Amino acid sequence: MKSKIMEVFDGIQSDLSHKIRLKNSFAREDIRLIAGVDLAYWEEGEATVACCCICVLDFSTKKIIEIKSLIDEVNVAYMPGYLSFRELPLIMQTFKKLSNDPDLVMFDGNGYLHPRNMGIATHASFHLNKSTIGIAKSYLKINSVDFIMPSNNVGAFTDIVINRIVYGRALRTHKNVKPIFVSCGNWIDIDTATEITLELINNESRLPIPVRQADLETKKIKRRKSLLF
DNA sequence: GCGACAG
DNA sequence: ATCTTGTCGC
């Protein structure tokens with residue numbers, strides 16, 4: 001049984017979903033800056049609080065050139081399938097603090113690989129007006145479709161196909177390590193999303209550098225914050 | 001009642 | 001996401 005708020009959220013997302021375009025809106029050589037976004041949560045008394053962090057990476061040198069973060073109260077509960085409504089307010093606030101203007105944004109979560117093709121990466125693209133990619137660490141099952149484990153070598157992937165449409169990919173970024181789930185956010189195609197993701201993998205993590213750095217930074221700030229009380 | 005369930 | 005120690009493996 002779906003709650004009233006879920007019905008409202010469904011309406012918002014189905015309106016937006018008609019505008020999704022899974023084609024590159026850029027030339028590969030024009031990608032200079034790529035941002036990664038992540039959040040960490042904790043409790044402060046009765047309130048739920050989160051830290052959002054955005055890391056901007058120079059695609060040519062693979063170095064982080066800017067890190068911005070923001071802490072604020074979160075008032076939307078987590079509901080599987082509605083993550084964007086919980087995280088988008090903080091994300092948009094944090095983006096305002098950036099002095100660089102990324103050409104592409106990667107999110108911790110799904111994009112097109114979602115019941116309404118509107119995971120956080122896709123939903124956020126409409127607010128940011130930027131190409132986006134979804135990077136999830138675990139699989140969100142849709143219509144009872146399981147993913148097929150890719151073979152055990154770097155770069156191996158299997159398509160996640162639902163109703164004859166590719167929703168996303170299980171991608172192996174390291175040997176002997178669980179795959180990640182890559183999906184288009186918006187204004188990008190799945191092959192390009194896969195290629196860029198693989199280019200941003202180093203030995204430290206199965207996640208691409210921008211998302212990994214945002215994850216580390218968000219937890220660093222959280223530790224420093226909870227140590228204060 | 002039980003299992004599923006991005007983060 | 002978060003609560004948590006040691007431990008097995010490359």
Side-chain angles (χ1 to χ4, degrees), chain A residues 1-3 6 9-10 13 17 36-54 69 71-92 94 105-125 132-147 152-154 160 162 167-186 193 197 202-208 210-212 214-227 229:
Chain A
M1 190 53 191
K2 224 169 239 182
S3 72
M6 286 173 167
F9 287 167
D10 281 350
Q13 292 197 325
S17 67
V37 183
D38 194 24
L39 287 83
Y41 294 83
W42 66 93
E43 304 295 325
E44 279 190 10
E46 299 296 84
T48 297
V49 173
C51 170
C52 175
C53 179
I54 304 176
S69 62
I71 296 172
D72 200 2
E73 193 173 334
V74 174
N75 293 302
V76 180
Y78 171 71
M79 295 170 274
Y82 302 89
L83 179 65
S84 61
F85 294 97
R86 175 170 168 86
E87 302 201 331
L88 227 24
L90 275 253
I91 291 170
M92 294 312 295
T94 312
V105 185
M106 307 181 93
F107 289 84
D108 192 330
N110 293 315
Y112 199 81
L113 178 55
H114 178 276
R116 295 170 297 285
N117 305 124
M118 284 290 291
I120 187 156
T122 308
H123 197 150
S125 74
T132 60
I133 298 174
I135 303 290
K137 296 181 290 297
S138 64
Y139 183 59
L140 174 64
K141 201 181 210 177
I142 299 164
N143 293 352
S144 302
V145 175
D146 284 305
F147 77 94
N152 189 17
N153 47 65
V154 176
I160 295 155
I162 299 163
Y167 273 47
R169 278 176 178 168
L171 175 66
R172 189 83 68 173
T173 58
H174 285 293
K175 196 173 175 67
N176 298 321
V177 176
K178 289 188 300 182
I180 60 174
F181 302 88
V182 178
S183 58
C184 300
N186 202 359
T197 299
N202 61 22
N203 312 0
E204 271 129 66
S205 172
R206 68 181 167 130
L207 300 175
V211 170
R212 168 63 168 168
D215 178 66
L216 290 174
E217 191 66 20
T218 211
K219 284 169 178 160
K220 194 181 300 175
I221 291 169
K222 176 182 168 177
R223 281 197 304 273
R224 164 149 62 76
K225 202 70 187 174
S226 55
L227 214 68
F229 284 105

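On a predicted model such as this, the values are computed, not experimentally measured, just so you know.
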Q: Specify the closest pair of heavy atoms between A:S84 and A:P89, including all atoms of both residues, with the distance to one decimal.
A: O-CD, 4.3 Å
(Q) Is it the case that the side chain of A:K175 and the backbone of A:N152 share a donor-acceptor pair, with hydrogens and angles ignored and the cut-off at 3.5 Å? (A) yes
Q: Looking at every strand, decide which applies to A:G134 at a 4.0 Å heavy-atom threshold: base, sugar-phosphate, or nothing.
A: nothing
Q: Using a 4.0 Å heavy-atom cut-off across all strands, classify A:F107 as base, sugar-phosphate, or nothing.
A: nothing
Q) Under 4.0 angstrom, heavy atoms only, what part of the nucleic acid is A:K219 near: base, sugar-phosphate, or nothing? A) sugar-phosphate
(Q) Pair A:V37, A:V105 - check side-chain contact (heavy atoms from CB on, under 4.5 Å), show working. (A) CA-CA 8 Å; A:V37 183; A:V105 185; 3.7 Å; yes
Q. Atom CD1 of A:I91 to atom P of C:dA1: distance rounded to whole Å?
A. 14 Å
Q) Does A:Y41 offer a backbone N or O that forms a donor-acceptor pair with the side chain of A:K222 under 3.5 Å? A) yes
**Q.** Between C:dT2 (P) and A:Y41 (OH): distance, integer Å
**A.** 9 Å
Q. At under 4.0 Å between heavy atoms, what does A:A40 touch on the DNA or RNA strands: base, sugar-phosphate, or nothing?
A. sugar-phosphate
Q. In whole Å, what is the span from the NZ atom of A:K178 to the P atom of B:dA6?
A. 12 Å
Q.
Does a side-chain N or O of A:S138 approach OP1 or OP2 of B:dC5 to a distance below 4.0 Å, or not?
A. no
Q) Checking all strands, does A:N110 fall into the base, sugar-phosphate, or nothing category for heavy-atom contacts under 4.0 angstrom? A) base
Q | Nearest-Å distance for atom pair CG/P, residues A:D38 and B:dG7 | A | 9 Å
Q: Measure from CZ on A:R223 to C1' on C:dT4 and round the result to the nearest Å.
A: 15 Å
Q. For A:L83 and B:dG7, what is the distance between atoms CG and P respectively, to the nearest whole Å?
A. 8 Å
Q: Check the distance between B:dC5's P and A:K137's NZ and give it to me in whole angstrom.
A: 16 Å
Q: Give A:N176 one of three labels, base, sugar-phosphate or nothing, depending on what nucleic acid heavy atoms sit under 4.0 Å from its own.
A: nothing
Q | A:R86 CZ - C:dT2 P separation (whole Å) | A | 10 Å
**Q.** Side-chain N,O (A:K222) to OP1/OP2 (C:dT2) below 4.0 Å
**A.** yes
Q) Once the angle between the rings of A:H123 and A:F85 is folded into 0 to 90°, is it parallel (under 30°), tilted (30 to 60°) or perpendicular (over 60°)? A) perpendicular
Q: For A:Y139, report the nucleic acid contact type (base, sugar-phosphate, nothing); a contact means any heavy atom under 4.0 Å.
A: sugar-phosphate
Q.
Heavy atoms only, 4.0 Å cut-off, all strands: where does A:L113 land among base, sugar-phosphate and nothing?
A. nothing
Q) Which value, in whole Å, describes the distance between the C1' atoms of nucleotides C:dT2 and B:dC5? A) 15 Å
(Q) Can you see if the side chain of A:Y78 gets near the phosphate of B:dA6 - specifically, an N or O under 4.0 Å from OP1 or OP2? (A) yes
